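Here the structure comes first, spelled out in structure tokens, and everything after it is commentary.
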There are 2 protein chains.
Amino acid sequence: MTDDDTTSARGGLKPGKRPTINDVARIAAVSKKTVSRVINQSPFVREETRVRVNQVIEELGFTPDAQARGLAFRRSFLVGLIYDNPSPNYVVNMQQGVLDALRGSGLELVVHPCVRSSETLVADIRAFVERQKLFGVILPPSMSEDERVIEVLRELDCPYVRIASVSLDEAGSMLVTNDHLGAAEAGRHLADLGHSRIGFISGPALFRSSAVRGGGFREGLAEKGITLDDRYVAVGAYTFESGVEAAKTLLALDPPPTAIFTGNDEMALGVFKVARDMGLEIPRDLSVVGYDDLPMASRVWPNLTSVRLPIRDMGRMAAEKLLAPMRGLDPAKLNQPEVRPSLVVRDSATTL
Amino acid sequence: MTDDDTTSARGGLKPGKRPTINDVARIAAVSKKTVSRVINQSPFVREETRVRVNQVIEELGFTPDAQARGLAFRRSFLVGLIYDNPSPNYVVNMQQGVLDALRGSGLELVVHPCVRSSETLVADIRAFVERQKLFGVILPPSMSEDERVIEVLRELDCPYVRIASVSLDEAGSMLVTNDHLGAAEAGRHLADLGHSRIGFISGPALFRSSAVRGGGFREGLAEKGITLDDRYVAVGAYTFESGVEAAKTLLALDPPPTAIFTGNDEMALGVFKVARDMGLEIPRDLSVVGYDDLPMASRVWPNLTSVRLPIRDMGRMAAEKLLAPMRGLDPAKLNQPEVRPSLVVRDSATTL
DNA sequence: CTGAAAGCGCTTACAG
DNA sequence: CTGAAAGCGCTTACAG
């Protein structure tokens, strides 16, 4: 439609071809290096020149080619999200946060799921990062906890930010979620409600958060003089189905627990299901506390009491750390609040 | 660790640098063009040569540079998922399906959310697609329904597959979900259960599926001699919160509906919430039928009767269409089953 | 503040 | 079946 409007500026352009930096340079009557400087916001361009070049860029509808830039820069404009998390809800929330941070940065997000137990995991990740020459990588749990992967990233000189419940790396490449604090709060809460025969459904051993949340929970109970009985601990896999299995085991104990704390919300819903199937009413017959506070926690019935983790914010903050150097900031010194999980009391846990 | 093992093959390689196609060519004693042929699986390479080259590639740990290949090919190895869907669950499911199809293809997935009502939408998408020279794009609803976006993709010569409830394009770039069929089934089901004063919470007008599902539902009811009263139709936004609002409106009518069909599951959960708040028991006092059959449909209580859409499969099939030409197949003639939504009867709807 | 040359690591015609 | 040359569209030193 507006082809004619730009005829003057497009003079000499081959039809059907995208304008390149050469076209911009020719029409703006500068060298392509100067155009490159304008694109990359170099300060060494006279204001007048910059304006003229930007005007031509605008008129031509010029968009720098990511492949060509990447080839010359030896680095792409792609951020990788490498994950193995079994909870799609967790992943999608974090992904949204990462995208929040990337918006307007010129970087794009490549999602790369993988299987941590796969024999080819390390080779796969190496190929992915090397081939795409990623700008950087974000690693949610439990990918963040695999030192073989970290080793590869270091070797390939690929910046990364790890998200984990405890610190595993230097501040600039680490986002700590302090899960022991939230779990301790859950423990104190259940103890305060008068529970003492309490069950715990742990996440899988592969996740640091499983042990950290379990440890924090024990700690919180201990503060109130309660000891978690190992017979009342079941190991799940952070999935709904595993929550179902673990709940069956725990509720078959004699005497059964009066309350159950689960390593994440997904498994808490599994407890909900088993309780209903057994004719137990929550919270009257069984108190349940989850972890993560996914959106669904406040949509199920009864509303799930859960430890809130700001998953989306975590994704955003991790991405901001990754982008910090590009903005001339020190990733270790961003003015980011520490992640402090906190208990959201709803209706699924009550006094004994 | 194994550095020494490869010393022979790495002879002459600059330390600390990734091997390039030149290194492979030199060590295998062929031209780089031949190496390129092996990488791209050209049939015009002698078996013996191919084996030798692959061996050197293996020994060197050579990975072709995606940027360089993209620059030469004038096309990247990235597939874009451009979406504006308000339901994170829907998106994450579809995304998983797309990733299923991409696994092993050498292509990576770039996720690109956007706001359809934004003034810069078209320009944003143009810049994204042009800059990344995308291999192709997948468009879930309602992005799939925006003809301005399609126009840009055609102009940029970017292959795409649209996912929508009705056909909007040629078979090769279209995945039709036939939503009228599933909605009609929901209508017949509620009618068969004896309901006649039935509410409908529609999706937003921007989504074709809203009208298609509404139309199918009316059709199904009509088959049973029931007419949907416009006073019992509320318009939502496919979100939980909008479901809450719409349910409040419908349940405040005098007389209130005895059953509600919602345009998606997310809004059905909103109805669940309002019913509970009003002291109504589902399904005794109110029957509810949803659409999509997200995993959570079978995790809430009572289990939600819902029209099942194989969202993950849809993502996979759409991606397979996109990849078909690369595999020498005609995307219009893939042996894919048609998407047939079907009602999954659970516990949230019962006889009047 | 600006530019001409060389190069990033691949592939596409074009020959042979 | 194989290769030498040119080019994809940018940026990095290096000069001026």
Side-chain angles (χ1 to χ4, degrees), chain A residues 13-14 16-53 56-57 60-78 106 127 130-133 135 157 326, chain B residues 13-14 16-53 56-57 60-78 106 127 130-133 135 157 326:
Chain A
L13 272 195
K14 292 152 204 149
K17 281 204 64 175
R18 297 179 40 190
T20 73
I21 196 174
N22 287 308
D23 300 314
V24 176
R26 180 165 38 74
I27 293 170
V30 295
S31 76
K32 55 200 265 197
K33 174 57 197 160
T34 297
V35 178
S36 172
R37 286 196 182 91
V38 172
I39 295 170
N40 292 296
Q41 318 204 32
S42 156
F44 304 115
V45 181
R46 221 190 321 163
E47 183 54 22
E48 184 195 315
T49 314
R50 175 192 310 286
V51 169
R52 181 153 41 96
V53 170
V56 175
I57 287 177
L60 252 42
F62 167 71
T63 312
D65 183 295
Q67 263 77 39
R69 291 228 290 166
L71 183 57
F73 269 136
R74 290 160 192 75
R75 179 127 293 177
S76 76
F77 299 90
L78 303 172
E130 194 167 13
R131 191 190 305 270
Q132 301 295 338
K133 293 215 294 287
F135 177 89
D157 216 33
M326 184 169 122
Chain B
L13 272 196
K14 294 152 206 150
K17 283 203 61 173
R18 296 179 41 189
T20 73
I21 197 173
N22 287 307
D23 300 315
V24 176
R26 181 165 36 74
I27 294 170
V30 295
S31 75
K32 55 200 266 198
K33 175 56 197 159
T34 297
V35 178
S36 172
R37 285 195 184 93
V38 172
I39 295 170
N40 292 296
Q41 318 204 32
S42 155
F44 303 116
V45 181
R46 223 192 318 163
E47 184 53 23
E48 185 197 315
T49 314
R50 175 192 309 287
V51 170
R52 180 154 40 95
V53 170
V56 174
I57 287 178
L60 254 42
F62 167 72
T63 313
D65 182 293
Q67 263 77 38
R69 291 228 290 167
L71 183 58
F73 268 136
R74 291 160 193 74
R75 180 126 291 177
S76 75
F77 298 91
L78 302 173
E130 194 166 13
R131 191 188 307 269
Q132 301 296 337
K133 294 215 293 289
F135 177 89
D157 217 32
M326 182 169 125

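Computed from heavy atoms alone, side chains included, the values below leave out hydrogens, waters and symmetry copies. In what follows, chains are A, B, ... by sequence order, proteins preceding strands, each numbered from 1. This structure is a prediction, so every number in the text was calculated from the model and none was measured.
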Legend entry - Donor-acceptor under 3.5 Å (B:S76 side chain, B:G70 main chain): no
Legend entry - Residues that A:A28 engages under side chain to side chain contact (heavy atoms under 4.5 Å, CB included), provided they are two or more places apart: A:V30, A:V53, A:V56
Inset, instruction - Examine distances only and state if a side-chain atom of A:D65 and a backbone atom of A:Q67 form a donor-acceptor pair shorter than 3.5 Å. - result: yes
Legend entry - Separation of C:dC1 P from A:R46 CZ (nearest whole Å): 8 Å
Inset, instruction - Check the distance between C:dT11's P and B:K133's NZ and give it to me in whole angstrom. - result: 14 Å
Inset, instruction - State which residues pass side chain to side chain contact (heavy atoms under 4.5 Å, CB included) with B:F62; sequence neighbours excluded, sorted by chain then number. - result: B:P19, B:I21, B:V24, B:I39, B:I57, B:L60, B:P64
Legend entry - Nearest-Å distance for atom pair CZ/P, residues A:F77 and C:dC8: 18 Å
Inset, instruction - From the options C:dT11, D:dA4, C:dC1, select the nucleotide whose nearest atom is closest to the side chain of B:S31. - result: D:dA4
Legend entry - Minimum heavy-atom distance between A:R69 and A:F77, given as atom pair plus value: CB-CE1, 3.6 Å
Legend entry - Atom-pair distance (CD on A:Q132; P on C:dC8), nearest Å: 20 Å
Legend entry - d(CG, A:N22; P, D:dC8) in whole Å: 9 Å
Inset, instruction - Would you indicate which nucleotide in D:dT2, D:dG9, C:dT11 comes nearest to any side-chain atom of B:K32? - result: C:dT11
Legend entry - Contacts of A:R46 that satisfy side chain to side chain contact (heavy atoms under 4.5 Å, CB included) - sequence neighbours left out: A:E48, A:T49
Legend entry - Spatial distance of atom CD (B:Q132) from atom CG (A:L78) [nearest 0.5 Å]: 5.5 Å
Inset, instruction - Let me know the distance between CG of A:D65 and P of C:dG9, rounded to the nearest Å. - result: 17 Å
Legend entry - Side chain of A:T20 (C-beta onward), nearest among D:dT2, D:dC10, C:dC1: D:dC10
Inset, instruction - Using atom CD1 of B:I21 as one end and atom P of C:dC8 as the other, report the distance to the nearest whole Å. - result: 14 Å
Legend entry - Distance in angstrom units between A:F44 CZ and D:dT11 C1', rounded: 16 Å
Give me, pair by pair, the N or O atoms of the protein and of nucleotides 12-16 of chain D that are less than 3.5 Å apart, along with how far apart they are.
none

Legend entry - Strand DNA chain D as a dot-bracket string - pairs counted if Watson-Crick or G-U with both distances under 3.5 Å, | where the partner lies in another strand: |||.||||||||.|||
Legend entry - Closest to side chain of B:T49, choosing from D:dT2, C:dC1, D:dC10: D:dT2
Inset, instruction - Map B:V30 and A:P64 onto DNA chain D by nearest heavy atom, then report which one ends up closer to the 5' terminus. - result: B:V30
Legend entry - Any A:T34 side-chain nitrogen or oxygen under 4.0 Å from OP1 or OP2 of C:dG3: yes
Legend entry - Reported CZ-to-CE distance for the pair A:F135 and A:M326, which is rounded to 0.5 angstrom: 5.0 Å
Inset, instruction - Kindly write out the residues that satisfy side chain to side chain contact (heavy atoms under 4.5 Å, CB included) with B:N22, not counting sequence neighbours, or none if the list is empty. - result: B:T20, B:K32
